[in-house]
Colleague: 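The structure that follows is given in the form of structure tokens.
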Amino acid sequence: MYLETFRIGGCDKAVVSRRRKMSDRKPAAAREVTDRAALDEIISLLGRLPEKGEEMIKMGDVETVDAVLHSESREIGNFTFYAGRLKAPDTAFYSDPHPEEAQLLALLRSLLPPKRRG
């Protein structure tokens, strides 16, 4: 279930994954995150982003970074970056980059295992 709002109360677990191409069945990397500081930062950055984007984009088969948020052992929602751009809850993208968007992507990437070469 895609997040209907970025204004969520919190979560106790996030599953972060990266696919080299969005058509890949299995992620190239994935990690379950339970660190309270990392989860709080994810929620904080999400909460500072606009709920609505300004433009629709036709996507190719691009890299994705996904986060699935859980609270009390149930999924409360997920969000996805496509080629480094975050899809807002209204399913549009931001015309102008927001600093929090880049910070959130960098945080998610830092939580994943390093990319393997080859």
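All values reported here derive from a predicted model rather than from experimental measurement.
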Colleague: Say whether, by atom type as modelled, one donor and one acceptor occur between the side chain of E32 and the main chain of K13 under 3.5 angstrom.
Modeller: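 Flag not set: sc E32 to bb K13 has no pair under 3.5 Å.
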
Colleague: Do side-chain atoms of D24 reach the backbone of K21 as a donor and acceptor pair under 3.5 angstrom?
Modeller: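 Yes, because the side chain of D24 sits within donor-acceptor range (under 3.5 Å) of the backbone of K21.
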
Colleague: Let me check something: do L112 and V68 share a hydrophobic cluster, defined by ILVMFWY side-chain heavy atoms less than 4.5 Å apart, either directly or through other members?
Modeller: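 L112 and V68: separate clusters.
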
Colleague: Measuring from atom CD1 of I42 to atom CG of L108, what distance do you get when rounded to the nearest 0.5 angstrom?
Modeller: 5.5 Å

Colleague: Calculate, to the nearest 0.5 Å, the distance between atoms CG and CD belonging to L86 and E100 respectively.
Modeller: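 Between L86 CG and E100 CD, I get 11.5 Å after rounding to 0.5 Å.
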
Colleague: Would the number of heavy atoms belonging to other residues, nucleotides or ligands and lying under 6.0 Å from CD of E55 be above 12?
Modeller: yes

Colleague: Spell out, as yes or no, whether a donor-acceptor pair under 3.5 Å connects the side chain of S110 to the backbone of L107.
Modeller: yes

Colleague: Measure the CE-CG distance between M22 and D66 for me, rounded to the nearest 0.5 Å.
Modeller: 11.0 Å

Colleague: Could you give the distance from CD1 (I8) to CZ (F79), rounded to the nearest 0.5 Å?
Modeller: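 Spacing of CD1 (I8) from CZ (F79) equals 8.0 Å.
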
Colleague: For K87, is there any backbone N or O sitting under 3.5 Å from a side-chain donor or acceptor partner on Y2?
Modeller: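 Yes; at least one donor-acceptor contact below 3.5 Å.
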
Colleague: Which pair of heavy atoms, one from G53 and one from A88, lies closest together, and at what distance?
Modeller: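 Smallest heavy-atom distance, with atoms named: N-CB, 3.8 Å.
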
Colleague: Out of curiosity, C11 SG to D40 CG, how far, rounded to the nearest 0.5 Å?
Modeller: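 So the gap between those two atoms works out to 8.0 Å.
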
Colleague: Restricting to non-hydrogen atoms, name the atom on L69 and the atom on A14 that form the minimum distance, rounded to 0.1 Å.
Modeller: CD2-CB, 3.8 Å

Colleague: Tell me whether E51 contacts the main-chain N or O of F6 through its side chain, where contact means a donor paired with an acceptor under 3.5 Å.
Modeller: yes

Colleague: What are the two closest heavy atoms between R20 and R18, and how far apart are they?
Modeller: CG-NH1, 3.8 Å

Colleague: Nearest 0.5 Å please: distance from the CD1 atom of I43 over to the CG atom of L104.
Modeller: 9.5 Å

Colleague: Can you tell me if E4 has over 12 outside heavy atoms packed within less than 6.0 Å of its CD?
Modeller: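 Atom CD in E4 is not packed in, count stays at 12 or less.
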
Colleague: Has the side chain of R19 got a donor or acceptor atom that lies under 3.5 Å from a matching backbone atom of R25?
Modeller: yes

Colleague: Can you check whether R109 reaches F81 side chain to side chain, under 4.5 Å on heavy atoms?
Modeller: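 They are not in contact (no side-chain heavy atoms under 4.5 Å apart), so the answer is no.
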
Colleague: Hey, does the side chain of Y94 reach the backbone of P50 with a donor-acceptor pair shorter than 3.5 angstrom?
Modeller: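 Looks like yes, one N/O pair under 3.5 Å.
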
Colleague: To check you understand the geometry: which heavy-atom pair defines the closest contact between L45 and Q103, and what is its length?
Modeller: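 Answer, listing the atom of L45 first, then Q103: CD2-OE1, 3.2 Å.
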
Colleague: I'd like to know if V15 and Y82 are part of one continuous hydrophobic network [Ile/Leu/Val/Met/Phe/Trp/Tyr, side-chain heavy atoms within less than 4.5 Å].
Modeller: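 Hydrophobic grouping puts Y82 apart from V15.
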
Colleague: Donor-acceptor check, side chain of E75 to backbone of M1, threshold 3.5 angstrom: yes or no?
Modeller: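 Judged by distance alone, yes, a pair lies under 3.5 Å.
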
Colleague: So V65 and L105, side chain to side chain contact (heavy atoms under 4.5 Å, CB included) or not? Walk me through it.
Modeller: CA-CA 8 Å; V65 175; L105 180 57; 4.0 Å; yes

Colleague: Any side-chain heavy-atom pair from L46 and L3 closer than 4.5 angstrom?
Modeller: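 Yes, close enough: below the 4.5 Å cut-off.
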
Colleague: N78 side chain to A67 main-chain N or O, any donor-acceptor pair under 3.5 Å?
Modeller: no

Colleague: Are R36 and D12 close enough that some pair of their side-chain heavy atoms sits under 4.5 Å apart?
Modeller: yes

